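Notes follow once the structure below has been shown.
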Protein chains: 2
Amino acid sequence: MADSPRAWETVLAHIESALIDGSLRPGDHLPPERTLAAELGVGRSSVREALRVLEVLGLIRTQTGSGPHAGAIIVATPSGGMSALMRLQVAANGFAVQDVVATRLLLESAIAADLATRGGDLAGSRQLLDAMQSDTLTEAEFLALDAQFHVSLAEASGNEVVAAMMAGLRNSIESYVLAAAERLADWATTSARLRQEHTHILAAIEARDAASARRLLHDHIAGYYAETQVPRIPPAPLADSRLAGRTPH
Amino acid sequence: MADSPRAWETVLAHIESALIDGSLRPGDHLPPERTLAAELGVGRSSVREALRVLEVLGLIRTQTGSGPHAGAIIVATPSGGMSALMRLQVAANGFAVQDVVATRLLLESAIAADLATRGGDLAGSRQLLDAMQSDTLTEAEFLALDAQFHVSLAEASGNEVVAAMMAGLRNSIESYVLAAAERLADWATTSARLRQEHTHILAAIEARDAASARRLLHDHIAGYYAETQVPRIPPAPLADSRLAGRTPH
DNA sequence: GCTATAGTTGTGGTCTGACCATAGTGGTCT
DNA sequence: AGACCACTATGGTCAGACCACAACTATAGC
């Protein structure tokens, strides 16, 4: 047994193999940590490190206690892992906020055009749009619904990868979006405009007008960030974080 | 101290806070595991679980030994984390291969159009293209260079988020791409065509012809998967894995 | 006999202490 | 001056113990 890879990596590899060859599928239970440790000839702590990674990545869900609901269960909820990854990378300046926004713009415009072209189930989106009409919402509540609305469009497109990415992108800059809202001169006016734009976007999609849907969504997002001047990453006074400081390597 | 969040989560939160307020930046050292454990009042194993997560997510790099190069150092290499996340989600059927391909198509077409419109440093891409002209490459070698070529386009666009996503998307289906290559009737013909298409794509970008660049890149990727009939996920005989099997929840 | 309560068991969550491997550091001997 | 060797700090790993929790089970009380 080559132990040059670290012990927890062999655990990860073992589980990944089981996933790939189909012997482990969503809904299945992983063996108990102690059993797994004994089977693979590693310590329980190494098993736990691997499971922790899988948990953060959205591969498993753990539950204490006994019985059929306890233990580690394979799930496949990529949004959580995507959010964690992007949120931390933004925090560490690995991702620039403006790149996140640009990517969101890119993805979501394409989603809108795709939905308008190929159709999709927009019931959830419409429901969220209705919920946002309430006048009693706080800024945070409104923005939370707004986030859900945008993610719901991605989900309607039927592409799980894009949906997870959208959720991650939106969550990673949640605090920036909120901070931007507080800088607005007149929240009531802006939120009314956002509501109207949402309505128009959905209408364009349902009218199968891909070009309009794409344009409206683009302007919707770009407009918000332009209005609020979402800042460059504040804690990075260094100049080279601006443009792709890629070391060619 | 509320310990309803698990111990390792408090460690993660602590480090994330330090990243956000700027007291921890790329290149900095984390305190030794034992010190961190003592400071936060948790066991070393809990600290290690948090560090393991950060390592997989591409936030830190650890090194054994002593001296200034040892210990956990903040880095920000999102590609690794993105690749791990997507690879595992594909393995667990959380991501359908066709969704990964569709997303790649979407992102990369946009990248090509963007590069043609706004320009970018294509030296790396051209170098990879030259390297691919060799006739002595095996399929695996060629495809590895191909992957690098496509990622290099994303990097040239200057958007770190898109670059990391592209790397993750490509790595997650590496085995499928390779398997597809082996089903080809005539690898020499196909690889020659791929080479030619790469050249045309780069030419279109340098000619600032966004529409052509987008179309050529789209056809390039779509053509390969059409030719090789990249399969649906094999270990999933269930029917509902085809279209967005989204449980409305 | 039925129900309520109190063990029992199996599981993850955590901590402690120990030991090993590794890589710098510094001192010592030639 | 150079080579060698112990020392030290660090991550990597393991073993064992204990706790918290949830389901199951046996017993006591009615």
Side-chain angles (χ1 to χ4, degrees), chain A residues 1-15 18 24 26-75 77 80 84, chain B residues 1-15 18 24 26-75 77 80 84:
Chain A
M1 184 185 300
D3 59 347
S4 40
R6 291 178 286 180
W8 63 271
E9 286 179 322
T10 72
V11 179
L12 213 51
H14 178 260
I15 295 175
L24 219 48
D28 289 350
H29 277 72
L30 247 53
E33 295 176 356
R34 293 164 176 86
T35 307
L36 205 48
E39 282 177 359
L40 298 179
V42 301
R44 191 182 159 207
S45 49
S46 297
V47 171
R48 282 184 61 76
E49 290 181 15
L51 294 188
R52 203 58 53 228
V53 169
L54 290 175
E55 182 177 341
V56 170
L57 257 34
L59 262 293
I60 64 173
R61 175 182 63 78
T62 60
Q63 182 80 31
T64 62
S66 178
H69 292 67
I73 302 178
I74 304 280
V75 296
T77 54
Chain B
M1 183 184 303
D3 58 346
S4 39
R6 292 177 286 182
W8 63 271
E9 286 179 324
T10 72
V11 179
L12 212 51
H14 178 260
I15 294 175
L24 220 48
D28 289 349
H29 277 72
L30 248 54
E33 295 176 357
R34 294 164 175 87
T35 306
L36 204 48
E39 283 176 0
L40 299 179
V42 302
R44 192 182 159 205
S45 48
S46 297
V47 171
R48 283 184 61 78
E49 290 182 16
L51 294 188
R52 205 56 55 228
V53 169
L54 290 175
E55 182 176 341
V56 170
L57 257 34
L59 261 294
I60 64 173
R61 175 182 65 79
T62 60
Q63 183 79 32
T64 62
S66 177
H69 292 66
I73 301 178
I74 305 280
V75 296
T77 54

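All chains are named by letter (A, B, ...) in the order of the sequence lines, taking the proteins before the strands, and each is independently numbered beginning at 1. Please read these numbers as outputs of a predicted model, since none were measured by experiment.
- Residue Ser46(B) holds its OG atom at 7.5 Å from CZ of Arg48(A), rounded to the nearest 0.5 Å.
- With a 3.5 Å ceiling on both atom-pair distances, the Watson-Crick or G-U wobble partner of dG16(D) is dC15(C).
- Two residues are said to be in side-chain contact when any heavy atoms from C-beta on lie closer than 4.5 Å; Leu24(A) and Leu30(A) meet this criterion.
- Within the 4.5 Å cutoff, the side chain of Leu57(B) has heavy atoms near those of the Leu57(A) side chain.
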Note to self: For a quick check, with a 4.0 angstrom heavy-atom cut-off, what is the B/S/- contact string for nucleotides 11-22 of chain C, read 5' to 3'?
What the structure shows: BBBBB--BB--B
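- Atom NE2 of His69(A) sits in a sparse spot, with 12 or fewer heavy atoms from other residues, nucleotides or ligands closer than 6.0 Å.
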Margin query: Between Glu55(B) and Glu49(A), does the side chain to side chain contact (heavy atoms under 4.5 Å, CB included) criterion hold? Intermediate values first, please.
Written below: CA-CA 11 Å; Glu55(B) 182 176 341; Glu49(A) 290 181 15; over 6 Å; no
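- In this structure, Ile74(B) and Leu54(B) have side chains that are not in contact, with every pair of non-hydrogen atoms separated by 4.5 Å or more.
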Every protein N/O within reach of nucleotides 3-7 of chain C N/O, cut-off under 3.5 Å:
none

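- Residue His29(A) contributes atom NE2, which lies 11 Å from atom P of dA23(D) at whole-angstrom precision.
- The line from CG of Leu51(B) to CD1 of Ile60(B) is 4.5 Å long, rounded to the nearest 0.5 Å.
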Run the side-chain donor-acceptor check on residues 37-44 of chain A: report pairs under 3.5 Å with partners two or more places apart or on a different chain.
unit_1, atom_1, unit_2, atom_2, d
Arg44(A), NE, Glu33(A), OE1, 3.0
Arg44(A), NH2, Glu33(A), OE1, 3.0

